[in-house]
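Have a look at the structure below, then the notes.
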Amino acid sequence: MLDDAYFMRQALAEARKAFEEEEVPVGAVVVINNRIIARAHNLTETLTDVTAHAEMQAITAAANVLGGKYLSDCTLYVTVEPCPMCAAALRWAQISRIVYGAKDPKRGYSGFSPDLLHPRTKVFAGILADECAELMTSFFERRR
């Protein structure tokens, strides 16, 4: 069944790729009409680019598939709450819906500016939150 948990598992698969590449394990997929049109994970170390977050990579890939800059009929599934940079980009992309797994109390957009997203964007938090958080915890424990 194609529901939020299914698509979050796809985002988790991307996060696991990041983990294996020694990137902070955040993964994302963009969905339109129950079809994944973009898959991405953090590439900040690989690309030596602080803006190469999973969400930013997913926005670019989805816009390329759609042939336009607006993602107004799309849902972003991301394993961790977006940071302010990504939330602002998602605002500009006019994404309809964001579904994220684990909350990010230190760097998540809601701790800085909860009104950063587009006013029509709907947000759903906590989908597979424990699995998403565990991957992050494992990554940072491994690095210490």
Side-chain angles (χ1 to χ4, degrees), residues 1-66 69 71-118 120-144:
M1 187 164 155
L2 302 181
D3 59 5
D4 287 344
Y6 170 83
F7 290 116
M8 186 60 72
R9 282 188 199 89
Q10 301 303 304
L12 268 164
E14 286 297 317
R16 287 185 191 97
K17 288 179 189 177
F19 186 96
E20 294 305 317
E21 294 169 15
E22 302 203 14
E23 296 275 359
V24 174
V26 178
V29 296
V30 177
V31 174
I32 188 168
N33 298 325
N34 276 333
R35 185 174 67 103
I36 295 172
I37 60 169
R39 295 174 180 271
H41 56 273
N42 273 4
L43 292 171
T44 59
E45 300 299 325
T46 302
L47 299 178
T48 319
D49 179 356
V50 297
T51 68
H53 290 194
E55 300 95 324
M56 303 295 275
Q57 301 299 310
I59 290 167
T60 300
N64 285 334
V65 168
L66 295 175
K69 60 185 177 181
L71 306 179
S72 54
D73 295 323
C74 297
T75 298
L76 171 77
Y77 292 87
V78 62
T79 56
V80 177
E81 177 185 5
C83 72
M85 173 186 70
C86 293
L90 290 161
R91 179 189 183 98
W92 287 111
Q94 298 181 17
I95 194 113
S96 292
R97 196 168 169 256
I98 299 169
V99 178
Y100 70 83
K103 187 146 184 63
D104 187 346
K106 291 182 182 175
R107 293 182 184 88
Y109 81 92
S110 66
F112 293 93
S113 182
D115 297 327
L116 196 52
L117 297 171
H118 194 280
R120 286 182 292 231
T121 300
K122 294 183 179 13
V123 178
F124 300 89
I127 304 297
L128 303 181
D130 291 342
E131 290 177 54
C132 295
E134 173 58 33
L135 191 59
M136 292 290 281
T137 300
S138 296
F139 176 79
F140 286 109
E141 283 176 354
R142 188 169 97 171
R143 294 190 63 141
R144 290 185 194 140

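For this chain, numbers begin at 1 and follow the sequence in order. All heavy atoms count here, side chains included; hydrogens, waters and symmetry mates do not.
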side-chain hydrogen bond (donor to acceptor under 3.5 Å, both in side chains) partners for T137, two or more places apart: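 T137 satisfies side-chain hydrogen bond (donor to acceptor under 3.5 Å, both in side chains) with no residue once adjacent residues are dropped.
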Looking only at non-hydrogen atoms, find the nearest pair between [X] and [Y] and report the distance.
X    : Y    : answer
A62  : I37  : CB-CD1, 3.8 Å
N42  : A54  : OD1-N, 2.7 Å
A129 : A102 : O-CB, 4.0 Å
G108 : P84  : C-CD, 4.4 Å
L71  : A63  : CD2-N, 4.0 Å
L135 : A15  : CD2-CB, 3.5 Å

Practice prompt. Take C74 and L66, measure what side-chain contact (heavy atoms from CB on, under 4.5 Å) needs, and give me the verdict at the end.
Written response: CA-CA 10 Å; C74 297; L66 295 175; 3.8 Å; yes
Flag yes if more than 12 heavy atoms outside [X] fall under 6.0 Å of its [atom1] atom; otherwise flag no.
X    : atom1 : value
N33  : CG    : no
R142 : CZ    : yes
E22  : CD    : no

Would you check if [X] and [Y] make a side-chain contact, meaning some heavy-atom pair closer than 4.5 Å?
X    : Y    : answer
L90  : H118 : no
C86  : M56  : yes
L116 : P82  : no
V26  : V78  : yes
K69  : I59  : no

(request) Enumerate the residue pairs fulfilling salt bridge (Lys or Arg N to Asp or Glu O under 4.0 Å) with a member in residues 72-100, sequence neighbours excluded, ordered by first and then second residue. (result)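 Pairs touching residues 72-100 that pass the test: D4-R97, E81-K103.
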Once salt bridge (Lys or Arg N to Asp or Glu O under 4.0 Å) is applied, what residue pairs with a partner in residues 126-135 remain, sequence neighbours excluded?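 Every candidate salt bridge (Lys or Arg N to Asp or Glu O under 4.0 Å) pair involving residues 126-135 fails, so no pair, neighbours aside, qualifies.
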Rounded to the nearest 0.5 Å, what separates atom [atom1] in [X] from atom [atom2] in [Y]?
X    : Y    : atom1 : atom2 : answer
I98  : L117 : CD1   : CG    : 4.5 Å
R120 : Q94  : CZ    : CD    : 6.0 Å
L2   : R35  : CG    : CZ    : 12.5 Å
I127 : T79  : CD1   : OG1   : 13.0 Å

**Message:** For M8 and V99: C-alpha separation, side-chain torsions, deciding distance, then whether side-chain contact (heavy atoms from CB on, under 4.5 Å) applies.
**Reply:** CA-CA 8 Å; M8 186 60 72; V99 178; 4.0 Å; yes
Next on the checklist: Under the criterion salt bridge (charged side-chain N to carboxylate O under 4.0 Å, His left out), I'd like the reasoning laid out for E14 against K17: C-alpha separation, chi angles, the key distance, then a yes or no.
Outcome noted: CA-CA 5 Å; E14 286 297 317; K17 288 179 189 177; 3.0 Å; yes
Quick one about S113 and D115 (side-chain donor to acceptor, distance below 3.5 Å, no hydrogens or angles considered), yes or no?
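There is no such pair between these side chains.
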Under the side chain to side chain contact (heavy atoms under 4.5 Å, CB included) test, residues paired with E45 that sit two or more places apart: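 By the side chain to side chain contact (heavy atoms under 4.5 Å, CB included) rule, E45 matches E23.
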Residues that T60 engages under side chain to side chain contact (heavy atoms under 4.5 Å, CB included), provided they are two or more places apart: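 With sequence neighbours excluded, T60 shows a side chain to side chain contact (heavy atoms under 4.5 Å, CB included) to N64, given in chain and number order.
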* What ring pair (Phe, Tyr, Trp, His ring centres under 6.0 Å) pairs are there with at least one residue in residues 75-117, not counting sequence neighbours? ->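 The answer is F7-Y77.
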inquiry  = Given H41, which partner from the list R16, Q57, E20, E21 fulfils the side-chain hydrogen bond (donor to acceptor under 3.5 Å, both in side chains) test?
reply    =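 The side-chain hydrogen bond (donor to acceptor under 3.5 Å, both in side chains) with H41 is passed solely by E21 among R16, Q57, E20, E21.
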